[in-house]
Amino acid sequence: MRKTIHLATIVLVSLPLLFGCASDSTSLMGMTRESPLEVGLTSLPEVFASSDSETSFTFKAESDQLLVVFFGYTMCPDICPTSLSDFRAALRRMGSNSDRIDLAFVTVDPERDTAEKLIPFLSTYASRFHAIRTTDFSLLKSVQDKFLVRSSVTTDESGHVQVTHTGTAFVVNSSGQVVSELPFGIGPDGMENDFTVLLNNIENGDK
Amino acid sequence: MKKLSIALAAVTALSLGTAACGSSSETSDTTIATAPEVAVYTVDGAWARTSPMEATMGAVYLNVTSTLDDALVGASVSTDIAAMTQVHETTMNADGTMGMQEIASVPMMANTPLALAPGGYHVMLLELVAPLEVGATVSVTLTFASGGTTTVDAIVSEEAP
């Protein structure tokens, strides 16, 4: 019998061990680093449905807000829809505070994920988002390296495209620091918790 | 929670039983043919996540239990829903990335629920004919190594029920 460990199991088991149980309203459930990842000087093209134009998108939140960055692809049937659905559910619970949460989705499968696919896909999950796409794979990799993200797109012998990618979502502040890394499976509760804690920190004088 | 249980008649059991009826008084040996147990499948919590516009893939999640040791070897939906249906598994690779692959057989222990859930096993719908919208149902037929099948209606929703 083949032994497998599923992601949901890994997350459920490891979260309390790695990060402690978030038993109060000020604890983050995502992972934090003593030296946070710095992504505020990195940028990639943002694409739009209504025109062929692109703008350069920099990975940092607007003042007093948070930016949540996902890496994924639109043909992903399990990981991406689950994470983005959790994100949507978390924002719905936050009421008006959700206006302070921005979303950037970086496609790791840019050759299939055109702007025409990305925009309707993301509009299902958020009213406010940035569709990030580049076919310059060295540029994409350089940005992924800043987030410690990995991805691959390969085609097998039968012609099926196989995509792998890191499933973590990254919460970035207005200084371009990753202030919480949300593992796959953290769920709406975990996301809502961290967004709320971090927004409260901003109001209390943190960036 | 919707439950569906289907008892499957085993063809081999019937044939063995028929043979047992032809016992002869000319022999002193007594042969007792016992019919093999028949697997009973229980499925609950079946749901499919809504698929965004432009998405061509979908996933169905559920819990399935068999009364016998068995294995899930396939799944199918109407081609009105999706061109292809496969059982997939999402796993974490050594480099921390996540990927999916088709699974030919998922072992099932008797009376132990097999969970098809986000981040693990799932029924993958490929080349969706139309987006999966809230409130719709997808009729999914599961096939088992024992030869049995069971069909369940998965409710389309944004979140797990």
Side-chain angles (χ1 to χ4, degrees), chain A residues 1-12 49 71-86 88-89 92 108 112-125 144 148-154 156 158 160 162-168 183-185 187-188, chain B residues 47-61 69 71 82 84-109 112 114-128 131-134 145 156-160:
Chain A
M1 183 180 297
R2 197 164 65 87
K3 185 177 182 182
T4 59
I5 300 175
H6 287 145
L7 304 173
T9 306
I10 293 171
V11 169
L12 287 174
F71 292 80
Y73 63 111
T74 66
M75 296 183 77
C76 173
D78 187 31
I79 297 297
C80 307
T82 298
S83 295
L84 289 167
S85 294
D86 290 347
R88 175 178 57 195
R92 284 175 177 169
V108 300
R112 293 191 297 174
D113 280 346
T114 60
E116 290 72 24
K117 289 187 177 179
L118 280 167
I119 305 299
F121 175 80
L122 294 172
S123 64
T124 304
Y125 298 107
Q144 289 184 341
L148 303 181
V149 162
R150 299 287 177 269
S151 70
S152 68
V153 181
T154 56
D156 64 21
S158 59
H160 293 124
Q162 303 284 345
V163 181
T164 67
H165 63 92
T166 302
T168 303
F184 173 79
Chain B
W47 69 288
R49 195 184 297 283
T50 49
S51 67
M53 290 176 61
E54 302 300 323
T56 57
M57 306 286 191
V60 176
Y61 307 104
D69 286 344
M84 285 192 293
T85 309
Q86 298 173 344
V87 178
H88 274 231
E89 181 184 30
T90 299
T91 54
M92 184 174 286
N93 302 313
D95 63 357
T97 60
M98 296 175 293
M100 277 189 329
Q101 58 184 339
E102 185 179 6
I103 297 295
S105 177
V106 184
M108 299 171 64
M109 290 178 58
T112 302
L114 168 65
L116 278 64
Y121 296 116
H122 54 276
V123 174
M124 183 164 162
L125 310 178
L126 300 93
E127 298 177 33
L128 288 170
L132 301 176
E133 298 185 343
V134 172
V156 179
S157 60
E158 291 187 340
E159 315 295 338

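All values derive from a computational prediction rather than experimental measurement. Proteins come first, then strands; the chains are lettered A, B, ... in the order of their sequence lines, and each starts at number 1.
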(request) Output the option from A:G167, A:S152, A:P81, A:S85 having the highest count of non-hydrogen pairs under 4.5 Å with chain B. (result) A:S85
(request) Measure the CG-CH2 distance between B:L132 and B:W47 for me, rounded to the nearest 0.5 Å. (result) 11.0 Å
(request) Under 4.5 Å, counting heavy-atom pairs only, tell me which of B:M57, B:M124, B:E158 racks up the most with chain A. (result) B:E158
(message) What I'd like to find out is whether the side chain of A:T74 reaches to under 4.5 Å of the side chain of A:L118, using heavy atoms alone.
(response) yes
(request) Drop me the distance from A:R150's CZ to A:F71's CZ, to the nearest 0.5 angstrom. (result) 11.0 Å
(request) Measure the shortest side-chain to side-chain distance between B:V60 and B:H122 over non-hydrogen atoms and say whether it is less than 4.5 angstrom. (result) no
(message) With a 4.5 angstrom heavy-atom cut-off, is it the side chain or the backbone of A:T164 that approaches chain B, or both, or neither?
(response) both
(message) Less than 4.5 Å to any heavy atom of chain A: does that hold for the side chain of B:E159, its backbone, both, or neither?
(response) side chain
